[in-house]
Amino acid sequence: MKAASRNYRGGHQTAMYAFEYLVAFVFLLSAYSVYFKSSQFSSLMFESLLAALGFCWIASLIDQIDPSSVLRFFTLSLFSLMMVLICWLLTSDNAVISYVAQKSVILVVLIPLYGLIFSTLGFETTVNQFISKVINCLAILCVIGLLLWIAVAFINVKLPSIVLQYNWGGEKTAFGYLGIEYITQIISFAGRTIPQFTLFFVEAPLANFVFQLCLSAEILLIKHPRKLIVLVLSLSSLASFSTTGIILLPLIWFCGLATSKTFRAIRKNYIPINFLYCLSLSVLAIALPFWSIYSLQSKKNTDSLETHGNDIISGIKSFLDSPIWGHGLGDYTSSYRNFGGSDGSSSGIIAVSAQAGILLLVLYLLPFGVQLISFTNKQKLHILLFSIILFIQFTVVIIDNSPLFALFLALLYSSVVAQSHGSTALSKSYRTRVNRKFKNISLP
């Protein structure tokens, strides 16, 4: 009987290990559809799949869930539903139903659902057992993608091409196979044309968001950051040639150095390998701001800065015109074109503000605000810095519909729950039982 019980526990752990990798991979794939490559409903399918996987995960943890956490996240879900419904009812003439459905799944289902899962597992367990799997999947894809990118950019290898139909930009030819593109944008650099490394995330800003989000999590949240993964994700970010990404990369490294136990130990004990590692990051961090200035100046030769600037200004004007409930979810005409912009905004926070006003904006800003207000312990500095980097990305990339962004918002919500104590805190006994359940699962 004991042997059978051990075999059952081992099989259950293996199944959960594989299941978590499945969820992690689907979250990465969902980022592929954020720029609406085909339709709003294709993105909604990814989000619905993630919701179904989340409910399956909850079912496996049903005997460990703390009732106080259920109440908290159920309240958050109801509050989100109320905000979405009010926003939709007040702007129903302009709102796009598929966009409203997307927002509903993300705000009403995904964030509270995964927030409950993460609060049940505990913040540290979630980061080191699940978020690490998301990072692992991305790192493997990036290694393969970088090899293909080098072959195309520097060896002139000819890869298969496909014609893509975007509902926001017409037809576009890109490198790809079976309808999946992996290099879509060509730029001029150092007197030659080379492709930007975007993996399969359609555009450089979105690709860089995924690279740097996982890089920030690896450096700031993972208990023992893995140097090889830091290197791969940093190279991926640089190869995307995203101006925003190049500017943010030194900030991410500096935040990592500021919270690194290894870096602090160098001041007390001379460790040659780690010293050289930190020194190389410091040199790169000092050099990259000069490259950032060069990149911004080079954009003067294109209409990129003007286009993005007009979109942001039109979005702000739109928000000021209707600051409470906006002009309608998915309504690009009233939100941007009528105020001098184009088909949309380049900023997630501007997009939410213009289309849904304060009603929905508060749902996105709440976890950032609580992290900032509740910061009293220097041991939580790494979480605060990660929140700041995530907020910056929210302001410069249109990621409000990204399930991957929702995943990390759920993580921040779970962190808020974990930091609260007393009658509203997670029971230590629950967390201990869950941690024991997963402690034998080793990271790859």
Side-chain angles (χ1 to χ4, degrees), residues 27 31 34 72-73 75-77 79-80 83-84 87 103 106-108 110-116 118-119 123 126-127 131 134 205-206 208-210 212-221 244-245 247-248 251-252 254-256 258-259 312 315-316 319 323 326 345-420 424:
F27 264 109
V34 171
R72 278 174 170 267
F73 288 104
T75 302
L76 175 63
S77 180
F79 179 70
S80 301
M83 293 295 101
V84 172
C87 181
K103 276 288 187 289
I106 287 176
L107 295 174
V108 181
L110 287 185
I111 293 178
L113 179 62
Y114 281 90
L116 176 60
F118 297 159
S119 65
F123 185 83
T126 298
V127 168
I131 299 300
V134 178
L206 177 62
N208 182 74
F209 157 72
V210 178
Q212 291 196 346
L213 180 63
C214 291
L215 175 64
S216 302
E218 180 70 29
I219 291 177
L220 294 171
L221 301 183
T244 303
I247 293 174
L248 279 180
L251 176 62
I252 296 173
F254 275 128
C255 290
T259 58
I312 291 174
I316 293 175
F319 169 70
S345 175
S346 305
S347 163
I349 193 171
I350 294 295
V352 175
S353 302
Q355 297 182 37
I358 295 174
L359 282 178
L360 291 194
L361 185 61
V362 67
L363 297 177
Y364 285 95
L365 298 184
L366 184 59
F368 299 110
V370 173
Q371 286 289 341
L372 185 62
I373 294 172
S374 63
F375 176 68
T376 56
N377 188 347
K378 290 185 177 180
Q379 293 182 350
K380 302 296 182 181
L381 177 62
H382 62 294
I383 301 177
L384 177 63
L385 292 175
F386 177 80
S387 302
I388 293 173
I389 292 172
L390 185 60
F391 178 77
I392 293 173
Q393 291 173 324
F394 182 43
T395 62
V396 297
V397 186
I398 182 167
I399 54 174
D400 53 298
N401 277 345
S402 170
L404 194 61
F405 179 56
L407 173 73
F408 283 91
L409 286 183
L411 182 66
L412 294 185
Y413 271 115
S414 71
S415 172
V416 171
V417 172
Q419 290 179 37
S420 60
T424 59

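Quick caveat: nothing in here was measured; it's all calculated off a predicted structure.
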Any idea which heavy atoms bring Pro403 and Phe27 closest together, and the distance? O-CE2, 3.3 Å
Under the side chain to side chain contact (heavy atoms under 4.5 Å, CB included) rule, collect the residues that match up with Leu366, sequence neighbours excluded. Val370, Tyr413
Kindly write out the residues that satisfy side chain to side chain contact (heavy atoms under 4.5 Å, CB included) with Ser216, not counting sequence neighbours, or none if the list is empty. Ile252, Phe386, Ile389
When every non-hydrogen atom of Ala406 is compared with those of Ile106, the smallest separation belongs to CB-CG2, 3.8 Å
Do the side chains of Val134 and Cys214 get nearer than 4.5 Å, heavy atoms only? yes
Does the side chain of Ile111 come within less than 4.5 Å of Leu363's, by heavy atoms? no
Taking C-beta and beyond as the side chain, do Phe118 and Val127 meet within less than 4.5 Å on heavy atoms? no
State whether the side chain of Gln212 and the backbone N or O of Leu248 hold a donor-acceptor pair below 3.5 Å, judged by distance alone. no
Excluding sequence neighbours, so at least two apart, what forms side chain to side chain contact (heavy atoms under 4.5 Å, CB included) with Val396? Thr244
Could you check Val84, Leu409, Asp400 and say which one makes a side-chain contact (heavy atoms from CB on, under 4.5 Å) with Leu107? Val84
I'd like to check the side-chain hydrogen bond (donor to acceptor under 3.5 Å, both in side chains) partners of Gln393; sequence neighbours left out, ordered by chain and number. none
Under 3.5 Å donor-acceptor pairs involving side-chain atoms of residues 347-359, not counting sequence neighbours:
unit_1, atom_1, unit_2, atom_2, d
Ser347, OG, Ile349, N, 3.4
Ser347, OG, Ile350, N, 3.3
Ser347, OG, Thr395, O, 2.6
Ser353, OG, Ile349, O, 2.6
Gln355, OE1, Gly330, N, 2.5

Going by the rule ring-ring contact (aromatic ring centres under 6.0 Å, His included), which residues pair with Phe405 if we only count those two or more places apart in sequence or in a different chain? Phe394
Are any side-chain N or O atoms of Ser387 and backbone N or O atoms of Ile383, one a donor and one an acceptor, separated by less than 3.5 Å? yes
Side chain proximity check, Phe408 to Leu411, heavy atoms < 4.5 angstrom: yes
